[in-house]
Amino acid sequence: AEGHGSVVKLRRRVRGYNPGMEPQIRYTKTSDGVSIAFTVMGQGVPFVYVDSFSHFLLFWRSPVYQPGLADRYQLVLYDPRGTGLSQRGLTEYTGRMPLMDLEAVVDQLALDRFVVFAMYNQAQGAVEYAVKNHGRVAGLILWGGYVRWDPRERTLLSIAETNWEFFLQSIAQTFNWLEPAEVRAYVDVLRQCVTQEDFIKILRAGTTANSDLENLLPDLRTPTLVLHPKELTIVKAEAAVRLASLISDARLVLLDGPNAIPTGDLAEPTLRVVTEFVEEVTGCEPRSELPAGAFRTVLFTDLVGHTAMMQRLGDDKGREVLREHERITREVLKANGGTEVKTMGDGFMASFGSVTKAVECAVALQRAFDEHNRGVGEGAASSAPTEVLSVRVGLNAGEPIEEDGDLFGSTVILASRIAAAAQGGEVLASMAVRELCSGKGFLFADRGEQAMRGFEDPVRVFEVSWRT
């Protein structure tokens, strides 16, 4: 009972914890047939967070969960093989296995451009993935990373082979902001993360050549943030300095304190640095929560012919085209003050505090895609666009319901239905948007009343003129 009460107290310390938003456990298979457990929470820029010593369901309920990320991004958590809810009982463990775990989750979710936050030994897989998939990873964040690391030289970790219980107690004690009862509660969580046998296999793999990043780092072109607590004892700060120095586009931030994880006193400074980095590498501001009853204009986009295009081009080429579609959309949203609520692969949902800004953004989107399409087939340059992108846009205004960063309600549903009623290259808006833009200089053409699925009465829609 004492342990349970301590964990409850710890939850309250974690900004962003929501007891009503329990992670949904999902599974995927790696290329070598291992089952990997993962979950997805929140909306916004995809953010893949992977710990080396993991049980995401228990971490969500305890202080290890990285605070605030699900408030800002589409947070993807997964347990690497041998840990948490993923397949246990490892017969072997090599340095390439973190890569296979990451690939399985990313491919299952069909993520095209995302940020990876990798803890400790998971840096190997994250860096290797970024090198192999240049451009797909928008940014890489490494915590507790190193270039070469022989765990036998670290007294704390060498204890794991001889005294497992003392090792778990020692790991928990590194969270020096925890009270004694909270340490006991957290040790109970650690026991459920991994068995001694699996952990030793993972630990020993760190001594092999496969865990050496040195040969990979010169080929890494992904913007990288190296975060490291100055007083961390498990991996010294000198290791982080060397790691950052070998990456061509890296920045190093040394945080005050000894905490082994980005929580406690390090939570807020870590979140601030991470948010600035993600905004820089993706061009997207983090989502912000809406006050209750806030009036917003909701914008939906949809890429026409997406399914046929993917079938015609195949996955790799199709993803390249989708990344260009996402780049254009996000750049225009940012330039016009839009907040990306979520992406559906072939479309976006965004919100605006100003109806004028929303309509200006819709016009700017169509002009940006029109400019892209005029470049198709022009010249032989490798950078020239190869596919026409036909996008339809729908707008509605009202007071949507905000919950866990997503928007719901009739305002949102109608905006989606209006977008679906548009043709490629069109912007359609509701009567509410039309009336609120009166005298603002926009040209609207009455398209009459149209039946919308889920709405009893026909809805009057207006086309927004954007061609000059």
Side-chain angles (χ1 to χ4, degrees), residues 14-16 45-54 56 59 63-73 75-78 80 98 102 114-131 137-149 154 171 174-177 206 211 213-214 216-217 220-282 286:
V14 180
R15 183 171 177 268
V45 175
F47 192 108
V48 181
Y49 181 95
V50 55
D51 205 336
S52 56
F53 202 54
S54 180
F56 67 72
F59 284 3
V64 172
Y65 169 64
Q66 170 60 37
L69 290 176
D71 292 342
R72 290 163 165 77
Y73 309 110
L75 179 61
V76 178
L77 303 173
Y78 70 92
L102 176 59
F114 54 95
V115 174
V116 179
F117 190 127
M119 302 280 285
Y120 298 106
N121 70 321
Q122 295 299 317
Q124 170 78 19
V127 169
E128 192 168 356
Y129 185 91
V131 170
V137 180
L140 195 58
I141 304 170
L142 306 178
W143 176 286
Y146 48 85
V147 180
R148 289 180 181 271
W149 183 40
R154 303 292 185 261
I171 287 290
T174 63
F175 308 143
N176 61 353
W177 57 282
S211 293
L213 294 179
E214 197 158 7
L216 282 172
L217 294 176
L220 181 61
R221 296 293 179 266
T222 301
T224 303
L225 172 64
V226 178
L227 289 174
H228 204 93
K230 294 177 184 177
E231 302 166 42
L232 183 64
T233 57
I234 299 174
V235 180
K236 300 296 185 183
E238 290 82 358
V241 173
R242 181 159 186 260
L243 175 65
S245 71
L246 296 176
I247 302 172
S248 62
D249 189 6
R251 63 211 72 181
L252 172 68
V253 176
L254 297 176
L255 301 164
D256 292 326
N259 289 11
I261 55 175
T263 190
D265 294 338
L266 294 187
E268 286 302 324
T270 299
L271 192 57
R272 183 175 61 253
V273 173
V274 166
T275 299
E276 292 173 354
F277 175 74
V278 174
E279 182 177 347
E280 179 182 337
V281 298
T282 64

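Worth knowing before you read on, the calculation uses all heavy atoms, side chains too, and leaves out hydrogens, waters and symmetry mates.
- Side-chain atoms of H228 come within 3.5 Å of backbone N or O of V235 as a donor-acceptor pair.
- T275 and L271 make their closest contact through OG1-O, 2.7 Å (heavy atoms, listed as atom of the first residue, atom of the second, distance).
- Atom-to-atom distance recorded for T222:OG1 and I141:CD1 is 12.0 Å, nearest 0.5 angstrom.
- Here the OG1 atom belonging to T270 is positioned 6.5 Å from the CZ atom belonging to F117, to the nearest 0.5 angstrom.
- In this structure, R251 does not pair ionically with E276, as no charged nitrogen and carboxylate oxygen lie closer than 4.0 Å.
- Here the closest heavy-atom approach between residue V131 and residue L216 is recorded as CG2-O, 4.0 Å.
- With values rounded to the nearest 0.5 angstrom, K236 atom NZ is found 15.0 Å from K230 atom NZ.
- Rounding to the nearest 0.5 Å places CG of N121 at 5.0 Å from OH of Y146.
- L102 and A126 get closest at one heavy-atom pair: CD2-CA, 4.0 Å.
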Evaluate side-chain contact (heavy atoms from CB on, under 4.5 Å) for L220 paired with L246, printing each intermediate quantity in order.
-> CA-CA 9 Å; L220 181 61; L246 296 176; over 6 Å; no

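- Summarising the geometry of L255 relative to P269, their closest heavy-atom pair is CD2-CB, 4.4 Å, with the distance given to 0.1 Å.
- Between Y73 and F47, the angle of the ring planes stays under 30°, which puts this pair in the parallel group of the 30/60° scheme.
- Looking at V274 and W143, their side chains never come closer than 4.5 Å, going by heavy atoms from C-beta outward.
- The pair R221-D249 fails the salt-bridge criterion, with no side-chain N (NZ, NE, NH1 or NH2) lying under 4.0 Å from an Asp/Glu carboxylate O.
- Summarising the geometry, atom CG belonging to D256 is positioned 7.0 Å from atom CD belonging to E231; distances are rounded to the nearest 0.5 Å.
- To the nearest 0.5 Å, the span separating CG on L227 from CG on L232 amounts to 12.0 Å.
- Looking at every heavy atom in both residues, P223 comes nearest to A138 through CD-O, 3.7 Å.
- Counting heavy atoms from C-beta on, the side chains of F114 and V137 come closer than 4.5 Å.
- The minimum heavy-atom distance between D51 and M119, with the atom names listed, is OD1-CB, 3.5 Å.
- Side-chain contact between S54 and P80 is present, with at least one heavy-atom pair separated by less than 4.5 Å.
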